[in-house]
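Report on one structure; see the data block that follows.
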Amino acid sequence: MSAPQLPKTIHAIGINKTGDFDVIEDLELPFPQNAPGNVLVKARLQFFWLNASGLACIHYGGVNFIDTYFRKGLYPIASFPQPLGTEAAGEIVGLPTDEKILNDEEYKLRGFAVGVKVAVYGLGAFAEYVSVPWTRAYTLPHGLSTRTAAAGLTQGATALTFVTEAYNVQKDDVILVHTVAGGLGLLFAQLIKARGATVIGTTSTPEKAALAKEYGADHVILYKDEDTVQRVLEITNGEGVNAIFDGVGKDTFELDFKVIRRKGTLVSVGNASGAVPPFPPLKLVEKNVRLLRPTLANYVFTPEEGRRYGTELFRLIGSGELKIRVHGEYPFTAEGVQQAQKDLVGGKSIGKLIIKVASDADA
């Protein structure tokens with residue numbers, strides 16, 4: 001098959017410098033160089049082949065707090081301009097031709113083929129074309145939409161790996177989740193509850209509390225109206241919780257030490273209120289607390305880890321055992337991405353936010 005003329009430039013949404021929401025802009029970038037072994041992802045349906053790489057059409061991209069960390073400069077960026085977004089989902093329209101890749105046993109286990117739907121993970125997802133390693137592409141089960149996959153990949157994989165490896169949640173554990181009604185919090189609640197543990201969550205409004213309970217939370221604390229420390233200790237009869245998954249950061253870090261039990265585990269998941277300031281290691285001594293600040297990338301680092309967790313995640317989503325709630329869908333424009341980030345950090349979302357990249361994407 002002959003390849004059609006490729007564009008010299010592509011449209012993307014990203015930044016030329018770090019800063020506030022207004023640094024997000026429409027970008028015109030050179031067509032990306034596709035490294036051997038990468039899958040090249042396109043925003044609209046168009047078929048062509050590339051040597052030693054694959055091609056897929058992107059339908060949706062997911063919005064995450066990590067996007068705001070890159071935008072603000074909390075996480076380093078190698079060079080500018082930098083497209084934002086770390087997850088997307090679409091359909092494969094071209095496969096690698098590198099024999100070493102095609103003969104790799106882990107590659108074969110992915111089940112990649114033209115027409116197969118996949119979710120992809122990697123910085124720079126909000127662009128017409130994105131090149132990502134094949135190890136960061138995950139095959140979707142039959143019947144699962146790209147909309148749901150884009151909404152569930154990063155947060156779903158984060159929740160699944162964290163409740164398995166950061167702290168392996170067990171039956172009869174008591175777990176605290178800050179906050180429990182966002183996209184990630186609702187996933188934590190479902191996975192923790194499914195393992196037979198008790199879920200205590202914090203949130204801001206009665207409406208969010210009611211939703212969190214629908215998704216598995218046993219107790220929900222309205223942190224604006226209630227004393228979180230007092231309520232957690234009441235619920236646990238003064239013992240505290242086995243583990244905390246804290247996506248808030250600076251504003252909840254100190255109180256976490258008041259409600260964690262002896263030999264408990266504190267998992268710092270995110271920095272919604274800002275990064276946790278420096279503290280002395282002796283702070284952990286009083287209760288022999290374990291403290292982790294893990295990242296999803298290091299739990300799906302090897303091809304085997306990525307396939308195993310990706311397969312399990314989309315099995316849970318596809319079967320309905322793990323429900324993905326989409327709060328809002330935004331256009332593929334600078335203004336759309338700006339508004340999505342504002343709604344995310346402003347606490348206005350109850351569930352996941354997504355960017356609709358392709359106009360003909362499936363619902």
Side-chain angles (χ1 to χ4, degrees), residues 65 152 155-249 251-253 255-270 272 289-292 294 296 312-313 316-317 319-325 327 347 349-352:
F65 269 103
Q155 291 183 337
T158 297
L160 180 59
T161 56
F162 281 28
V163 302
T164 304
E165 298 202 41
Y167 177 78
N168 190 8
V169 176
Q170 302 293 312
K171 187 176 185 296
D172 297 326
D173 279 346
V174 182
I175 310 295
L176 175 63
V177 178
H178 297 303
T179 59
V180 74
L184 181 59
L186 293 175
L187 296 171
F188 270 127
Q190 294 176 77
L191 291 171
I192 293 167
K193 187 66 176 178
R195 295 187 175 201
T198 296
V199 182
I200 304 174
T202 61
T203 194
S204 57
T205 69
E207 293 76 18
K208 290 182 177 182
L211 179 67
K213 288 184 177 180
E214 291 179 19
Y215 280 72
D218 297 284
H219 309 274
V220 182
I221 300 166
L222 300 177
Y223 63 81
K224 292 183 177 180
D225 304 318
E226 301 179 271
D227 184 320
T228 300
V229 173
Q230 180 180 333
R231 289 286 292 118
V232 170
L233 294 179
E234 287 174 355
I235 294 166
T236 61
N237 296 317
E239 291 187 13
V241 296
N242 296 93
I244 301 171
F245 293 96
D246 188 343
V248 175
D251 290 352
T252 51
F253 187 68
L255 74 82
D256 287 341
F257 285 89
K258 299 177 181 178
V259 298
I260 195 78
R261 68 176 58 180
R262 186 178 65 87
K263 298 195 292 185
T265 299
L266 170 54
V267 184
S268 179
V269 177
V289 172
R290 298 179 180 89
L291 173 64
L292 296 86
L296 169 62
E312 176 64 8
L313 172 64
L316 290 169
I317 296 174
S319 68
E321 296 173 69
L322 189 62
K323 297 177 176 60
I324 305 297
R325 177 185 171 88
H327 174 83
S349 60
I350 308 176
K352 182 70 176 185

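Predicted, not measured: the structure shown is a model, and the values here were computed from it.
You'll find the side chain of Leu222 stays beyond 4.5 Å of the side chain of Lys208, heavy atoms only. Residues Val169 and Leu191 are not in side-chain contact: their nearest non-hydrogen atoms beyond the backbone lie 4.5 Å or more apart. Counting heavy atoms from C-beta on, the side chains of Tyr167 and Asn242 come closer than 4.5 Å. No side-chain heavy atom of Val180 sits less than 4.5 Å from a side-chain heavy atom of Phe188. Contact of the Leu322 side chain with the Glu312 side chain is not registered, since no non-hydrogen atoms from C-beta on lie closer than 4.5 Å. Leu211 places a side-chain heavy atom less than 4.5 Å from the side chain of Arg325. In this structure, the side chains of Asp256 and His178 come closer than 4.5 Å at one or more pairs of heavy atoms. Side-chain contact between Leu292 and Thr265 is present, with heavy atoms from C-beta onward closer than 4.5 Å.
Here salt bridge (Lys or Arg N to Asp or Glu O under 4.0 Å) pairs that include residues 169-188, with residues two or more places apart or in two chains, number zero. Note on residues 210-223: pairs passing side chain to side chain donor-acceptor pair (under 3.5 Å), not counting sequence neighbours, are Lys193-Asp218.
Across every non-hydrogen atom of Val229 and Asp227, the tightest pair is N-OD1, 3.1 Å. Residues Ala166 and Pro294 come closest through the heavy atom pair CB-CG, 4.1 Å. The two residues Ser319 and Leu316 come nearest to each other via the heavy atoms OG-O, 3.1 Å. Taking every heavy atom of both residues into account, Gly351 and Leu186 meet most closely at CA-CD1, 4.3 Å. Nearest heavy-atom pair across Ser204 and Lys224 is CB-CE, 3.9 Å. The shortest heavy-atom contact between Val220 and Ala212 is CG2-CB, 4.0 Å.
With rounding to the nearest 0.5 angstrom, the OG1 atom of Thr179 is 12.5 Å from the CD1 atom of Ile221. If you take CG on Leu291 and CD1 on Ile260, they are separated by 10.0 Å, rounding to the nearest 0.5 Å. To the nearest 0.5 Å, the span separating CZ on Arg231 from CG on Leu176 amounts to 11.5 Å. Distance CG/Leu296 to OG1/Thr158: 4.5 Å, rounded to 0.5 Å. From Leu160, atom CG reaches atom CD of Glu165 across 9.5 Å, with rounding to the nearest 0.5 Å. Taken to the nearest 0.5 Å, the CZ atom of Phe245 stands 6.0 Å off from the CD1 atom of Ile175.
A side-chain contact (heavy atoms from CB on, under 4.5 Å) with Val174 holds for exactly one of Asn237, Val199, Ile200, Ile235; it is Ile200. Evaluated for a salt bridge (Lys or Arg N to Asp or Glu O under 4.0 Å) with Glu239, the options Arg262, Lys263, Arg261 yield exactly one hit, Arg261.
Residues passing the ring pair (Phe, Tyr, Trp, His ring centres under 6.0 Å) test with Phe162, sequence neighbours excluded: Tyr299.
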Working note: Leu187 + Lys352, criterion side chain to side chain contact (heavy atoms under 4.5 Å, CB included); need CA distance, chi angles, decisive distance, verdict. CA-CA 10 Å; Leu187 296 171; Lys352 182 70 176 185; over 6 Å; no
Evaluation steps, side chain to side chain contact (heavy atoms under 4.5 Å, CB included), between Thr228 and Val259: CA-CA 9 Å; Thr228 300; Val259 298; 5.6 Å; no
Could you go step by step and tell me if Glu226 and Thr202 meet the side chain to side chain contact (heavy atoms under 4.5 Å, CB included) rule? CA-CA 10 Å; Glu226 301 179 271; Thr202 61; over 6 Å; no
